[in-house]
Amino acid sequence: MAMRAGDIGLRAASALVLAPAAFLAIWAGGLWFLALMLLACALLAVEWATMSATRAWRVMAGAVGFGLFASVISAHAEQLSLALVMLVFCAAAAGLFARSRGQEAVDAAYGVLYLGWPAVLLIWLRDGTEPGGLAWTVSAFVIAWASDIMAYLVGNLIGGKKLWPRFSPNKTWSGFIGGLAAGTAAGVLLAAFLDMGIGPVWGGVLGLSAALATMAGDLWESALKRRYGVKDAGKLIPGHGGLLDRVDGLMFAVVIVACGRLLVVTFGTGA
């Protein structure tokens, strides 16, 4: 698909508005970051409900939103294990509640797990007791965004063979490779300049792994949208669609970055 200047300009303008607000909340941490996560969870719950519910989407939004709020607040209390248990419990509760109101139980339960897992890990990354929380949280965002942006730019500029035309007809192998290269480079630079407890070599491994996760998250959301018969998850962000369309890759990348930090905490620093 040919790149259109209007699309690029709209995406850039949206990023210039949203990115500083996100980074300010990440920098502040604590209640500011919790507020950011709760706002994001509320918006994502609404988008998930309008995308997946066939009727009475407010019931689905309420069920998913309550589950997300309970899990995120538990994670903010620096109880990761409790938050993960709460996440599973809330997913089951959301499914049962949605079913009692005539909605699909699986859609509600999966919505809590799909959206809540990365939210809980982000809280743990930023405000956990282990050192380096700010650096690791920034790394998750930077790697995911670098991969996503470069994949979009390279894919539109070079084009070529489609990556997975059944579910995402606009994504190309050239964009996929460009996204991996950008994520790897971002990981190397972040490890070199931020206090993450790892060197550039492991930073590159982290960047490549998180970039792969970013691409997988993007493709997974495309498959979900195809399943529910929608083009975008919402219309919140000009040029991007919904918030879920913007953070789909980040949600998967966060899992990889959290695993990387856990390895560092457990086994120490690396080269």
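All heavy atoms count here, side chains included; hydrogens, waters and symmetry mates do not. Just so it is clear, the structure is predicted and the values come from calculations on it, not from any experiment.
- When side chains are defined from C-beta on, L206 counts as touching M196, because their heavy atoms get closer than 4.5 Å.
- Transitive grouping of hydrophobic side chains (ILVMFWY, heavy atoms separated by less than 4.5 Å) brings L190 and V264 into a common cluster.
- Proximity of a side-chain donor or acceptor of D248 to a complementary backbone N or O of E221 within less than 3.5 Å is not detected.
- The shortest side-chain heavy-atom distance between I158 and T172 does not fall under the 4.5 Å cut-off.
- Between L262 and W124, some side-chain heavy-atom pair lies under the 4.5 Å cut-off.
- Between the CG atom of L115 and the CG atom of L43 there is a distance of 11.5 Å, given to the nearest 0.5 Å.
- V59 has its side chain within reach of F97: a pair of non-hydrogen atoms, C-beta onward, lies under 4.5 Å apart.
- Of the possible donor and acceptor atoms, none in the side chain of R261 sits under 3.5 Å from a partner among the backbone N and O of W136.
- Between V254 and F141 the shortest side-chain heavy-atom distance does not fall below 4.5 Å.
- Within a 6.0 Å sphere centred on CZ of F66, heavy atoms belonging to other residues, nucleotides or ligands number 12 at most.
- Annotation for W117: atom CH2 does not count as buried by contact number, only 12 or fewer foreign heavy atoms lying within 6.0 Å.
- Taking 4.5 Å as the limit, some side-chain heavy atom of L31 sits within range of a side-chain heavy atom of H76.
- More than 12 heavy-atom neighbours from other residues, nucleotides or ligands sit within 6.0 angstrom of CZ on F23.
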Step-by-step side chain to side chain contact (heavy atoms under 4.5 Å, CB included) determination, L244 to M251: CA-CA 9 Å; L244 183 57; M251 289 164 54; 3.7 Å; yes
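- Put simply, CD1 on I198 and OG on S139 are 7.5 Å apart, with the number rounded to the nearest 0.5 Å.
- Checked by atom type and distance alone, the side chain of E47 pairs as donor or acceptor with a backbone atom of L243 at under 3.5 Å.
- Between V138 and W27, every side-chain heavy-atom pair lies at or beyond the 4.5 Å cut-off.
- A search for side chain to side chain donor-acceptor pair (under 3.5 Å) contacts involving S209 returns nothing, not counting sequence neighbours.
- For W48 and Y114, the gap between ring centers is short of 6.0 Å.
- Under a hydrophobic clustering in which Ile, Leu, Val, Met, Phe, Trp and Tyr are joined whenever their side-chain heavy atoms come within less than 4.5 Å, directly or via other members, L134 and L194 fall into the same cluster.
- The pair D107-R227 counts as a salt bridge, with a side-chain nitrogen and a carboxylate oxygen less than 4.0 angstrom apart.
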Stepwise side chain to side chain contact (heavy atoms under 4.5 Å, CB included) check, T137 with D127: CA-CA 9 Å; T137 307; D127 291 330; over 6 Å; no
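- In this structure, F176 and K171 have side chains that are not in contact, with every pair of non-hydrogen atoms separated by 4.5 Å or more.
- Ring geometry, W220 versus Y110: the interplanar angle exceeds 60°, so the pair is classed perpendicular (tilted spans 30 to 60°).
- With values rounded to the nearest 0.5 angstrom, R99 atom CZ is found 9.5 Å from E104 atom CD.
- Between the CZ atom of F252 and the CG atom of L212 there is a distance of 12.5 Å, given to the nearest 0.5 Å.
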